[in-house]
K.L.:
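Submitted below is the structure of interest, expressed as C-alpha cells.
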Amino acid sequence: MVMKQKRVSRMISLFMIMILAFTMLQGCGGGKVATAEELLAEMKEFSTPDGSATIYLNKEWITEDAGSDTFLTAGSKDGREAVLMMQFPKGGIFPVESMDDLKELVETSYGMTDYQEAEAFEVPGMTNISVGNCKMSSDGTTAQVYLLSGETEYAYYSIGFVATKISDKNRAAFKASLSKFTEVVPEVENNSTAEVTDTIRWFNASYAVLTDLNGWDYNLFGGLPANDDSMAIEKELLNSWWGVTDRQSADENLNWILEEGHRTGFAEDMKLLEEAGLGGVAEAERGEFLLANFDIDAESVDGYVNSYSMYEQFGENAIAGWDYCRALSLMGYYYLAGYYTEEEALDKSLEIAMIAQPLFESWDDLMDSYLRGYEYWAEESPDERRGVYEDIKTRDDSPYTIDYKMTLQKTW
C-alpha cells in the first residue's frame with residue numbers, strides 16, 4: 001500500500017488548497033459562546049459522499065467536492081469558517097494502517113506547523129482521540145486549525161475546524177458538531193462464490209504474513225473481497241510490483257517464478273561462491289574474503305555472508321519457500337484483478353500448493369524458508385515479518401491452526 005503514498009498526498013494537498021480557499025482573506029467569528037443545544041438547533045446533517053460518516057454543521061453551510069467518497073469539506077458562505085473531515089477506511093486504498101501513519105500523513109499533507117496539544121473530548125464510537133491547535137499552509141495561504149484525530153473499528157479519522165483565527169466559539173461549534181458523529185459501515189460487496197474451506201485456508205496461510213502487513217484479511221482468498229474496489233487496488237499493485245498489466249504478463253510472471261524464481265539466482269550465486277572457496281574460509285573472515293575476491297560493495301557483504309550460511313545449512317533450495325509463497329499470493333491477486341477466473345486461480349493454487357507442501361515439514365519450516373528468501377531478496381532483516389508470523393499464530397482465527405500436512409483437494 002505504500003505505493004499509493006505520493007498519489008494520496010497530492011490529492012490531499014489539492015484538498016487543502018480548496019479548504020483554505022474557504023477562509024482566505026476572511027475574518028474570524030466572535031461573540032457570545034452558545035450552548036451545545038443552541039448550536040445544534042442551527043445545524044443539520046452533513047455526510048461523506050458514500051454516507052459512511054456523518055456530523056452536524058451549520059445548516060447554511062455549503063459543501064465542495066473533496067475528490068474522495070470518504071472526504072467531506074463544508075464551509076460558511078462568507079468564507080469565515082470551514083470543516084474538513086478525512087476518513088481512511090482500514091485495509092483500503094489509503095496508506096494509513098495506524099494512528100502513527102495518520103499523524104505522519106496529516107502533518108506532511110497539511111503543511112502542518114506549531115502543533116500544540118489541547119484537551120481531548122469524547123466523540124461517539126471513536127477511540128484513541130487526540131486534539132490540538134495548529135497551523136496549516138498550502139499554496140501560499142495559512143490558516144489555523146482545531147484538529148481532532150481518532151479511530152473506529154472501521155476507519156481512521158482526521159477532522160479539522162479551519163479559520164484564519166480559531167475562537168472559543170469555533171471550538172464550541174466543533175465539539176457540538178462531533179457530538180452527533182455517526183458512522184455507518186458500508187456493506188462490502190464480495191463476488192467470490194467459493195466457500196473458504198481448509199484447502200483454501202491453506203493457500204491463504206502461505207502468504208498470510210504479507211496479507212496482514214497490507215492490513216487485509218488472511219481468511220479471504222487474495223486478502224480482499226472480490227469487487228470493483230479490490231480489482232483497482234490489485235491492478236495497481238500488480239503493475240507497480242510485478243509489471244503485470246494483463247493475462248499474458250500475468251502468465252509470464254507466474255511461469256518465471258515457478259520455473260526459475262529467486263531460488264535459481266540464489267543457487268547460482270552460492271555455487272559461484274562455493275567454487276571460489278568461500279566454504280573453506282572461517283566465518284569471521286568471509287567478509288574480507290569477498291571484498292578481496294569479488295566486485296562487491298561493503299554494504300552488500302553481510303548479505304552474501306548470511307546467504308552462504310543459509311546455503312551451507314539448507315542447500316540450493318534454501319529459499320524455495322519464498323518463491324512458492326509468492327506464487328500462491330499471485331493467484332489471489334490475479335483473481336481479484338480479473339486476470340484469472342476464481343476457478344482458474346484456485347485450480348492453479350492447488351497445483352502450486354501440491355508442489356510446495358512436500359518440500360517442507362511444517363508451517364514453521366515453510367515460513368523459515370520464506371523469510372530466508374525475503375532476507376536474500378530485500379537485503380534486510382526479516383525480523384518484522386517473522387514477528388507478524390509469530391503473532392498470527394497466536395490468534396483465534398489463525399490459518400496456521402490447519403494441519404500443514406493435510407490432504408489438499410479441490411473443494412470449489
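Index from 1, following the sequence.
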K.L.:
Take S309 and N306, measure what side-chain hydrogen bond (donor to acceptor under 3.5 Å, both in side chains) needs, and give me the verdict at the end.
P.N.:
CA-CA 5 Å; S309 295; N306 291 340; 5.4 Å; no
K.L.:
Under 6.0 Å from the ring centre and within 45 degrees of the ring axis: does the NZ or CZ of R171 meet both conditions for the six-membered ring of F121?
P.N.:
no
K.L.:
Under a 3.5 Å threshold, yes or no: a donor from one side chain and an acceptor from the other, between S192 and E342?
P.N.:
yes
K.L.:
Please test Y334 against E234 for side-chain contact (heavy atoms from CB on, under 4.5 Å), starting from the C-alpha separation and ending with a verdict.
P.N.:
CA-CA 8 Å; Y334 286 0; E234 293 300 347; over 6 Å; no
K.L.:
Please indicate whether E283 has more than 12 foreign heavy atoms, meaning atoms of other residues, nucleotides or ligands, lying under 6.0 Å from its CD.
P.N.:
no
K.L.:
A side-chain contact here means heavy atoms from C-beta on lying under 4.5 Å apart; do M367 and Y400 qualify?
P.N.:
yes
K.L.:
Are R247 and Y340 in a cation-pi contact, defined as NZ or CZ under 6.0 Å from the six-membered ring centre and within 45° of the axis?
P.N.:
yes
K.L.:
Does any non-hydrogen side-chain atom of W216 lie less than 4.5 Å from one of I233?
P.N.:
yes
K.L.:
For atom CD of E344, is the number of surrounding heavy atoms from other residues, nucleotides or ligands below 6.0 Å larger than 12?
P.N.:
yes
K.L.:
Any side-chain heavy-atom pair from L273 and F294 closer than 4.5 angstrom?
P.N.:
yes
K.L.:
Do NZ/NE/NH1/NH2 and the carboxylate oxygens of E81 and K169 come within less than 4.0 Å?
P.N.:
no
K.L.:
Under 3.5 Å, is there a donor-acceptor pair between the side chain of T245 and the main chain of N239?
P.N.:
no
K.L.:
Hey, does the side chain of R263 reach the backbone of G321 with a donor-acceptor pair shorter than 3.5 angstrom?
P.N.:
no
K.L.:
How long is the span from the CD atom in E183 to the CE atom in M126, to the nearest 0.5 Å?
P.N.:
7.5 Å
K.L.:
So which heavy atom on A353 is nearest to which on L328, and how close?
P.N.:
N-CD2, 4.2 Å
K.L.:
Walk me through it: do S177 and F161 pass the test side-chain contact (heavy atoms from CB on, under 4.5 Å)?
P.N.:
CA-CA 10 Å; S177 295; F161 194 107; over 6 Å; no
K.L.:
Does CD in E122 sit with more than 12 non-hydrogen atoms of other residues, nucleotides or ligands closer than 6.0 Å?
P.N.:
no
K.L.:
Kindly say whether A143 contributes a backbone atom to a donor-acceptor pair with the side chain of T164 at under 3.5 angstrom?
P.N.:
no
K.L.:
Got a donor-acceptor contact below 3.5 angstrom from the R201 side chain to the S398 backbone?
P.N.:
yes
K.L.:
Using a distance-only test with no angle check, is there a side-chain donor-acceptor pair under 3.5 angstrom linking N214 and T211?
P.N.:
no
K.L.:
Are L330 and W242 packed together at the side-chain level, in the sense that at least one heavy-atom pair is separated by less than 4.5 angstrom?
P.N.:
yes
K.L.:
Indicate yes or no: at least one non-hydrogen side-chain atom of Q409 is less than 4.5 angstrom from one of T197.
P.N.:
no
K.L.:
Are K180 and T54 close enough that some pair of their side-chain heavy atoms sits under 4.5 Å apart?
P.N.:
no
K.L.:
Considering only NZ, NE, NH1 and NH2 on the basic side and carboxylate oxygens on the acidic side, decide whether K348 and E351 come within less than 4.0 Å.
P.N.:
yes
K.L.:
Between S68 and T70, is any side-chain donor less than 3.5 angstrom from a side-chain acceptor?
P.N.:
yes
K.L.:
Kindly assign one of parallel, tilted or perpendicular to the pair H262 and Y376, based on the angle between their ring planes and the thresholds 30° and 60°.
P.N.:
perpendicular
K.L.:
Which heavy atom in A337 sits nearest to a heavy atom in K235, and how many Å separate them?
P.N.:
O-CE, 3.2 Å
K.L.:
Report the C-alpha distance between W322 and W377 in whole Å, list the side-chain angles of each, state the deciding distance to 0.1 Å, and finish with yes or no for side-chain contact (heavy atoms from CB on, under 4.5 Å).
P.N.:
CA-CA 9 Å; W322 166 252; W377 170 75; 3.6 Å; yes
K.L.:
How about K135: does its NZ atom have over 12 heavy atoms from other parts shown lying under 6.0 Å from it?
P.N.:
no
K.L.:
Crowded around M406 CE? As in, over 12 foreign heavy atoms under 6.0 Å?
P.N.:
yes
K.L.:
Distance check, rounded to the nearest 0.5 Å: N253 atom CG versus L258 atom CG?
P.N.:
10.5 Å
K.L.:
OG1 of T264 to CH2 of W256: how many Å apart, nearest 0.5 Å?
P.N.:
8.0 Å
K.L.:
Any side-chain heavy atom of C325 sitting closer than 4.5 Å to one from L366?
P.N.:
yes
K.L.:
Spell out, as yes or no, whether a donor-acceptor pair under 3.5 Å connects the side chain of Q144 to the backbone of I166.
P.N.:
yes
K.L.:
Less than 4.0 angstrom from a charged side-chain N to a carboxylate O is my criterion; do R372 and E375 meet it?
P.N.:
no
K.L.:
Within a 6.0 Å radius of atom CD on E380, are there more than 12 heavy atoms belonging to other residues, nucleotides or ligands?
P.N.:
yes
K.L.:
Looking only at non-hydrogen atoms, find the nearest pair between T152 and G125 and report the distance.
P.N.:
CG2-O, 3.3 Å
K.L.:
ring-ring contact (aromatic ring centres under 6.0 Å, His included), that's the test. Do F88 and Y154 meet it? Break it down for me.
P.N.:
CA-CA 9 Å; F88 303 98; Y154 172 65; over 10 Å; no
K.L.:
Rounded to the nearest 0.5 Å, how far apart are CG of L148 and NZ of K175?
P.N.:
10.5 Å
K.L.:
For W363 and Y389, work out which heavy atoms get closest and say how close.
P.N.:
C-OH, 3.4 Å
K.L.:
Do side-chain atoms of S158 reach the backbone of S149 as a donor and acceptor pair under 3.5 angstrom?
P.N.:
no
K.L.:
For a side-chain contact (heavy atoms from CB on, under 4.5 Å) check, start with the C-alpha distance between W412 and L350, then their side-chain angles and the critical distance, and finish with the verdict.
P.N.:
CA-CA 11 Å; W412 46 89; L350 181 59; 4.0 Å; yes
K.L.:
Given 3.5 Å as the limit, does a donor-acceptor pair link the side chain of S307 with the main chain of Y304, or not?
P.N.:
no
K.L.:
Rounded to the nearest 0.5 Å, what's the gap from CG on L178 to OH on Y56? Could you check?
P.N.:
13.0 Å
K.L.:
Once you round to the nearest 0.5 Å, how far does CE of M231 lie from OH of Y339?
P.N.:
9.0 Å
K.L.:
Are D383 and R386 ion-paired here, with the side-chain N under 4.0 Å from a carboxylate O?
P.N.:
no
K.L.:
So for atom NZ, which belongs to K410, do other residues, nucleotides or ligands contribute more than 12 heavy atoms lying within a distance under 6.0 Å?
P.N.:
yes
K.L.:
Is it the case that atom CD in E104 sees more than 12 heavy atoms from other parts of the structure closer than 6.0 Å?
P.N.:
no
K.L.:
Taking atom types as modelled, find out whether D100 and S98 have a side-chain donor-acceptor pair closer than 3.5 angstrom.
P.N.:
no
K.L.:
Could you walk me through whether E268 and K271 satisfy the salt bridge (Lys or Arg N to Asp or Glu O under 4.0 Å) test, starting with their C-alpha distance in whole Å, then the side-chain angles of each, then the deciding distance to 0.1 Å, before giving a yes or no?
P.N.:
CA-CA 5 Å; E268 291 173 351; K271 287 178 180 177; over 6 Å; no
K.L.:
Any side-chain heavy-atom pair from Y370 and Y324 closer than 4.5 angstrom?
P.N.:
no
K.L.:
Using 4.0 Å as the upper bound for N to carboxylate O, is an ion pair formed by R395 and D397?
P.N.:
no
K.L.:
Identify the heavy atoms of A208 and Y218 that sit nearest to each other, and give their distance.
P.N.:
CB-CB, 3.8 Å
K.L.:
Of all the heavy-atom pairs spanning T341 and Y335, show the shortest one and how long it is.
P.N.:
C-CD1, 3.8 Å
K.L.:
Quick one: do the D365 and S362 side chains pair a donor with an acceptor below 3.5 Å?
P.N.:
no
K.L.:
Treating N190 as the side-chain partner and A226 as the backbone partner, does any N or O pair qualify as donor plus acceptor under 3.5 Å?
P.N.:
yes
